[in-house]
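Beneath this line is the structure, given in structure tokens, with notes to follow.
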Amino acid sequence: MLDIERMPEHVAIIMDGNGRWAKKRGLPRLAGHNAGMKAMKKIADHSDKLGIKYLTVYAFSTENWKRSIAEVTGIFKLLVAYVESDLKELVTNNVKVNVLGDYSSLPEDAVRSLERTLRETKDNTGLVFNIALNYGGRDEITRAVQSIEEKISSGLLTADEITEKTISDELFTGSARADTPDPELIIRTSGELRLSNFLLWQGAYSELVFSDVLWPDFTPQEYEKAIADYQSRERRFGGR
Ligand code: IPE
Ligand code: IPE
Ligand code: MG
């Protein structure tokens, strides 16, 4: 049973296992990605119901460009279709969408429909839904360092003024962008036990929950199980 008083404010999910889900059924990998989009929508709806304030999903990494052109373009096509068909619903449901990652290098139609979504949901005050796209934790930290260096060069900042907050603020989740606190909980599906370059800075003290379920099979029930697991943990943050 979930303790509604102790819900995480921010849940982040590594949605993994679409390819294996398709393979098990003798389907092409893109069928797995399509099923994965549906699971993502259900989990976003359920997050809102549970009163979670921020949901971050890892949809495409800076390393996923290594896949075949057919798979990469297919993933972005699905994403555009998802965003287009759900935009109205996102707006009515008061969901605010952010993209974490440099999405300017995505196909033009994907950039256009993402920008429209960002624009039309920007004043919404409900669930903050962060989609990590062309996202890599190391890329994010590298960009933050570059941006801080520019501020130093232009005299806006000195090196000894740099704090952890200065760095946090410059990340895609930072105050000028998605303005999202560090996740209390990071979930990864499909039985893989690694972070794969996800939220390296923000996840410093996140609780990690690994589920063997492949992402397209990840139901609201599985989601609640992961949150219950989180709630059973004792978070010490280095204290006794
Ligand atoms: C996750 O599923 C989605 C993306 C990385 C885009 P995968 O495509 O990695 O699925 P598996 O790991 O091959 O099963
Ligand atoms: C991580 O999954 C990226 C996403 C879920 C978007 P991958 O399938 O790309 O990660 P690895 O290659 O197994 O580490
Ligand atoms: Mg994978």
Side-chain angles (χ1 to χ4, degrees), residues 10-44 47 54-83 86 97-107 109-111 113-114 129-143 171-173 178 180 183 185-203 206-219 222-223 226:
H10 178 193
V11 179
I13 307 182
I14 303 172
M15 311 184 290
D16 197 14
N18 294 349
R20 278 161 285 168
W21 183 92
K23 191 168 184 203
K24 254 177 50 184
R25 287 165 178 73
L27 297 169
R29 292 183 62 85
L30 280 174
H33 294 308
N34 188 41
M37 293 283 169
K38 291 185 187 159
M40 179 174 89
K41 183 172 159 28
K42 276 199 203 128
I43 296 304
S47 299
Y54 302 87
L55 173 68
T56 300
V57 295
Y58 202 7
F60 194 88
S61 76
T62 46
E63 287 72 38
N64 286 146
W65 296 103
K66 293 176 191 161
R67 299 185 181 199
S68 74
I69 295 183
E71 181 170 356
V72 169
T73 50
I75 289 172
F76 294 133
K77 273 214 179 81
L78 286 169
L79 187 82
V80 172
Y82 164 79
V83 165
D86 284 358
V97 178
N98 296 308
V99 176
L100 312 184
D102 176 15
Y103 61 90
S104 66
S105 47
L106 266 50
D109 58 337
V111 173
S113 83
L114 284 168
F129 184 35
N130 298 320
I131 310 176
L133 266 177
N134 191 19
Y135 174 88
R138 288 186 170 189
D139 176 63
E140 179 181 46
I141 293 168
T142 305
R143 286 166 191 272
L171 303 176
F172 290 117
T173 45
T180 296
L185 167 62
I186 296 177
I187 299 169
R188 182 168 189 151
T189 59
S190 87
E192 304 294 352
L193 309 180
R194 57 179 168 269
L195 287 174
S196 302
N197 206 7
F198 189 48
L199 301 181
L200 297 183
W201 174 277
Q202 300 90 329
S206 303
E207 295 297 327
L208 306 180
V209 172
F210 296 100
S211 162
D212 285 332
V213 173
L214 301 173
W215 175 252
D217 290 331
F218 196 75
T219 55
E222 291 294 332
Y223 189 33

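Just so you know, ligand 1 is whichever comes first in the structure, and atom 1 is the first atom listed for that ligand. Counting from 1, the numbers follow the sequence of the chain as shown. Only this structure's heavy atoms are used, side chains among them; waters, hydrogens and symmetry mates stay out.
Listed by atom number, the atoms of ligand 2 under 4.0 Å from I14 heavy atoms are 5 (C). Listed by atom number, the atoms of ligand 1 under 4.0 Å from R29 heavy atoms are 7 (P), 8 (O), 10 (O), 13 (O). Those atoms of ligand 2 that come under 4.0 Å of a heavy atom in R194, given as number and element, are 11 (P), 13 (O), 14 (O). Close approach of ligand 1 to H33 (heavy-atom distance below 4.0 Å) involves ligand atoms 3 (C), 6 (C), 8 (O).
At least one heavy atom of G17 lies less than 4.0 angstrom from ligand 1. Judged by the shortest distance from any of its heavy atoms, A59 lies inside the 4.0 Å radius around the atoms of ligand 1.
For S196, a nitrogen or oxygen atom sits less than 3.5 Å from a nitrogen or oxygen atom of ligand 2, counting backbone and side chain alike. In terms of polar-atom proximity, Y58 is not counted as a contact of ligand 2, lacking any N or O under 3.5 Å from an N or O of the ligand. Not a single N or O atom of E192, backbone or side chain, sits closer than 3.5 Å to an N or O atom of ligand 2. For N64, no nitrogen or oxygen atom sits less than 3.5 Å from a nitrogen or oxygen atom of ligand 1, counting backbone and side chain alike.
The shortest contact between atom 10 (O) of ligand 1 and any protein heavy atom is with G19 N, 2.9 Å. What sits closest to atom 1 (C) of ligand 1 on the protein, heavy atoms only, is M15 O, 3.0 Å. Nearest protein heavy-atom neighbour of atom 8 (O) of ligand 1: R67 NH1, 2.7 Å. Distance from atom 2 (O) of ligand 1 to its nearest protein heavy atom, with residue and atom name: N18 N, 3.2 Å.
Put simply, the side chain of N134 never gets that close to the backbone of G101: no donor and acceptor are under 3.5 Å apart. R29 contributes no side-chain N or O that, together with a main-chain N or O of E71, makes up a donor-acceptor pair within less than 3.5 Å. Distance alone, capped at 3.5 Å, is enough to place a donor-acceptor pair between the W215 side chain and the G36 backbone. Of the possible donor and acceptor atoms, none in the side chain of T189 sits under 3.5 Å from a partner among the backbone N and O of M15. Distance alone, capped at 3.5 Å, places no donor-acceptor pair between the E222 side chain and the D217 backbone.
Checking atom 12 (O) of ligand 2 against the protein gives no heavy-atom contact under 4.0 Å.
No part of R20 comes within 4.0 Å of ligand 2, judged by heavy-atom distances. Residue-level proximity to ligand 2 for F60 is carried by the backbone, the only part with a heavy atom below 4.0 angstrom. At a heavy-atom cutoff of 4.0 Å, ligand 1 is contacted by no atom of K23, backbone or side chain.
The distance from the Mg ion (ligand 3) to the nearest N/O/S atom of E192 is not under 2.8 Å.
Ring geometry for F76 against W65 counts as tilted: the plane angle lies between 30° and 60°, on a 0 to 90° scale.
With 3.5 Å as the limit, one finds a donor-acceptor pair spanning the side chains of S61 and N64.
Across A22 and G32, no two heavy atoms sit closer than the pair CB-N, 3.8 Å. Nearest heavy-atom pair, G136 versus Y58, reported as atom, atom and distance to 0.1 Å: CA-OH, 4.5 Å.
Under a cut-off of 6.0 angstrom, the local environment of CG in L193 is crowded, with over 12 non-hydrogen atoms contributed by other residues, nucleotides or ligands.
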